[in-house]
Amino acid sequence: MDISRLKEKDREIAELIGEDKLTLLARRYGGSYIYVPTLSALQRSELEDSIKKRYNGDNAAELGREFGLSARTIVRIVTKKPMH
């Protein structure tokens with residue numbers, strides 16, 4: 001594939017992830033709309049997973065201090081139902 005012949009946005013993606021990965025994306029999702037989450041959303045998911053693993057039912061305030069969140073937010077995170 002000659003990436004110089006691609007549309008600008010496609011060329012940017014090929015340069016970022018590589019031609020082989022762009023080809024894989026095209027095979028799997030070609031013609032589809034793909035949502036790419038923001039970096040903060042990806043990091044939020046990791047943060048919430050970490051909090052859920054460490055929560056023991058009695059340490060919301062401690063986790064809140066550690067992660068810079070309120071105890072109430074910690075409880076909200078661990079009681080939130082998965083979206084699947």
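Since this is a predicted model, take the numbers as computed values, not measurements.
- For the atom pair OG of S50 and CD of E66, the computed distance is 7.5 Å after rounding to the nearest 0.5 Å.
- Panel note: side chain N56, backbone N59; a donor-acceptor pair is recorded below 3.5 Å.
- Summarising the local packing, CG of D20 is surrounded by more than 12 heavy atoms from other residues, nucleotides or ligands at distances under 6.0 Å.
- The minimum heavy-atom distance linking K80 with K52 is given by the pair O-NZ, 4.3 Å.
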### Message
Run E48 and I51 through side-chain contact (heavy atoms from CB on, under 4.5 Å) and show every step you take.
### Response
CA-CA 5 Å; E48 290 180 358; I51 289 169; 5.6 Å; no
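- Partners of I13 according to the side-chain contact (heavy atoms from CB on, under 4.5 Å) rule, which considers only residues two or more places apart in sequence or in another chain, are I17, L22.
- Residues passing the salt bridge (charged side-chain N to carboxylate O under 4.0 Å, His left out) test with R11: none are found, sequence neighbours excluded.
- For the atom pair L42 CG and E46 CD, the distance stands at 7.0 Å (nearest 0.5 Å).
- Remark: T79 pairs with no residue by the side chain to side chain donor-acceptor pair (under 3.5 Å) rule, at least two apart or across chains.
- Counting heavy atoms from C-beta outward, V75 and R72 have side chains that stay 4.5 Å or more apart.
- Contact annotation: the side chain of F67 approaches that of R54 to within less than 4.5 Å [non-hydrogen atoms, C-beta and beyond].
- Residue L69 holds its CG atom at 6.0 Å from CG of L47, rounded to the nearest 0.5 Å.
- Counting side-chain heavy-atom gaps under 4.5 Å among Ile, Leu, Val, Met, Phe, Trp and Tyr, the cluster of Y35 also holds Y33.
- No path of Ile, Leu, Val, Met, Phe, Trp and Tyr side chains, each step under 4.5 Å between heavy atoms, connects I34 with L39, placing them in separate hydrophobic clusters.
- Under a hydrophobic clustering in which Ile, Leu, Val, Met, Phe, Trp and Tyr are joined whenever their side-chain heavy atoms come within less than 4.5 Å, directly or via other members, L16 and Y29 fall into the same cluster.
- The shortest side-chain heavy-atom distance between D49 and R44 does not fall under the 4.5 Å cut-off.
- Residues satisfying the salt bridge (charged side-chain N to carboxylate O under 4.0 Å, His left out) test with E19, not counting sequence neighbours, are none.
- Looking at residues two or more places apart in sequence or on another chain, you find a salt bridge (charged side-chain N to carboxylate O under 4.0 Å, His left out) between K9 and E12.
- In summary, of the residues considered (I77, T73, I74), a side-chain contact (heavy atoms from CB on, under 4.5 Å) with L63 occurs for I74 alone.
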